[in-house]
Amino acid sequence: PESPPPPYSRLSPNDEQKPLDLSDSTLSYTETEATNSPNVTPGDFSDASTSPDAVKRSHWCNVAYWEHRTRVGRLYTVYEQSVSIFYDLPQGNGFCLGQLNLENRSETVRRTRSKIGYGILLSKEPDGVWAYNRSEHPIFVNSPTLDIPNCRTLIVRKVMPGYSIKVFDYEKSCLLQHTADLDYADGPYDPNSVRISFAKGWGPCYSRQFITSCPCWLEILLSNNR
């Protein structure tokens, strides 16, 4: 029970359509089986969508789950193009947060965990990384590519249930690599990470100033340019 199941994907590795089609009400996920491809060599690999064989060779992100200042469980490595991050097993296949045990959880954390539900669908697309809010409560997102250029105020985006947002833009990220490092008050600045909080917001517009004040949140550590 301490080891999460392998990542699952709704989208096939060759499916280039935008994720999060709201006309698709499918909530179930099927595992994308990786098969050996005789036509792909390590030198040909350029993107995780090249082939199922290529998907096996490289991961595009790691996901860390936090409760306030405590990281719970191990890093979850994502190899497939999309992954479901949810609370309980009947609600999907992928990263199941409900299986991560921690002693002496506060009541605030327990209440927030109960709101995660179907959680989010995280999907790697040609233009960037998208997150779809599948829960019944809002999620809150902060990302280097969502911030306003030359603005030193932390920008946190609120995403309502049933809506999606591009949480990381590859083209903007390349431009940010040439800018000076910003000095954020809530910790080191990582140009290749995304932070997502379930149900509770943080930042200048909220009573919680820092992400570490949020009961349940995710840190998406992207492997590009690392």
Side-chain angles (χ1 to χ4, degrees), residues 1-8 27-29 59 61-80 82-123 129 131-143 146 154-165 167-168 184-190 193-222:
E2 296 182 359
S3 299
Y8 284 69
L27 295 180
S28 62
Y29 288 73
H59 69 281
C61 79
N62 287 302
V63 181
Y65 169 64
W66 294 78
E67 293 177 358
H68 293 298
R69 294 179 176 271
T70 302
R71 199 184 88 188
V72 183
R74 302 176 181 177
L75 285 177
Y76 186 87
T77 303
V78 180
Y79 296 92
E80 307 290 349
S82 63
V83 62
S84 178
I85 304 172
F86 57 98
Y87 181 71
D88 210 357
L89 285 177
Q91 296 164 330
N93 293 310
F95 190 8
C96 180
L97 303 179
Q99 290 189 326
L100 302 180
N101 296 320
L102 181 67
E103 295 182 358
N104 302 320
R105 279 192 172 101
S106 68
E107 184 59 31
T108 301
V109 171
R110 293 179 186 276
R111 286 198 304 268
T112 305
R113 279 169 62 87
S114 69
K115 297 178 180 179
I116 294 175
Y118 288 103
I120 65 171
L121 175 68
L122 200 65
S123 179
V129 179
Y132 172 39
N133 184 5
R134 301 175 66 237
S135 74
E136 297 181 353
H137 299 271
I139 60 173
F140 298 83
V141 181
N142 169 253
S143 162
L146 287 174
L154 182 72
I155 305 297
V156 178
R157 310 286 184 179
K158 182 178 182 180
V159 184
M160 299 302 292
Y163 285 83
S164 64
I165 185 173
V167 296
F168 196 85
Y184 285 111
D186 61 343
Y189 175 78
D190 186 342
S193 71
V194 177
R195 298 178 293 180
I196 301 176
S197 173
F198 293 104
K200 304 295 183 181
W202 83 99
C205 298
Y206 300 90
S207 59
R208 300 170 181 82
Q209 292 299 298
F210 309 119
I211 185 76
T212 49
S213 299
C214 294
C216 304
W217 58 282
L218 301 171
E219 187 178 22
I220 315 298
L221 304 168
L222 301 170

Query raised in the report: What distance separates R105 CZ from T70 OG1, expressed to the nearest 0.5 Å?
Result: 10.0 Å

Query - Euclidean distance, L218 CG relative to Y76 OH, rounded to 0.5 Å - result: 12.5 Å

Query raised in the report: N62 side chain to L75 main-chain N or O, any donor-acceptor pair under 3.5 Å?
Result: no

Query raised in the report: If you take all heavy atoms of H68 and S106, which pair is closest and at what distance?
Result: NE2-OG, 4.3 Å

Query raised in the report: Is the Y206 to F140 ring centre distance short of 6.0 Å?
Result: yes

Query raised in the report: Are any non-hydrogen side-chain atoms of I220 and L122 less than 4.5 angstrom apart?
Result: yes

Query raised in the report: Got Y65 and C216 here, is their nearest side-chain heavy-atom distance under 4.5 Å?
Result: yes

Query raised in the report: For the atom pair CG (L222) and OG (S193), what is the distance rounded to the nearest 0.5 Å?
Result: 7.5 Å

Query raised in the report: With no hydrogens and no angle check, is any side-chain donor or acceptor of R134 less than 3.5 Å from a backbone partner on Y118?
Result: yes

Query raised in the report: Any side-chain heavy-atom pair from R208 and V156 closer than 4.5 angstrom?
Result: no

**Report entry** Parallel, tilted or perpendicular: rings of Y79 and H59 (30°, 60°)
**Finding:** perpendicular

Query raised in the report: Considering only heavy atoms from C-beta outward, does the side chain of I155 approach that of L146 to under 4.5 Å?
Result: no

Query - Side-chain heavy atoms of I139 within contact of I120, under 4.5 Å - result: yes

Report task. Starting at CG of L100, measure out to CD of E67 and round the result to the nearest 0.5 Å. Result -> 8.0 Å

Query raised in the report: Nearest heavy-atom pair of I196 and A131: which atoms, and what distance?
Result: CD1-CB, 4.4 Å

Requested in this report: Any chance you could measure W202, atom CH2, to L154, atom CG, to the nearest 0.5 Å?
Outcome: 6.5 Å

Query raised in the report: Any donor-acceptor pair under 3.5 Å linking the side chain of R195 with the backbone of I211?
Result: no

Report task. Would you please classify the geometry between the W66 ring and the W217 ring as parallel, tilted or perpendicular, with 30° and 60° separating the classes? Result -> parallel

Query raised in the report: Does D88 use its side chain to pair, donor to acceptor, with the backbone of C96 at less than 3.5 Å?
Result: no

Query raised in the report: Going by heavy atoms in the side chains, are T112 and H137 under 4.5 Å from each other?
Result: no

Query raised in the report: Hey, are the side chains of R71 and E219 touching, using non-hydrogen atoms and a 4.5 Å cut-off?
Result: no

Report summary line: Scanning both residues in full, the closest heavy-atom pair of K200 with C214 reads O-SG, 3.8 Å

Query raised in the report: What's the shortest heavy-atom distance between P138 and M160, and which atoms?
Result: CB-SD, 4.0 Å

Query - Heavy-atom closest contact (V194 atom, V167 atom, distance) - result: CG2-O, 3.7 Å

Report task. Answer yes or no: is there a side-chain heavy-atom contact under 4.5 Å between S82 and L121? Result -> yes

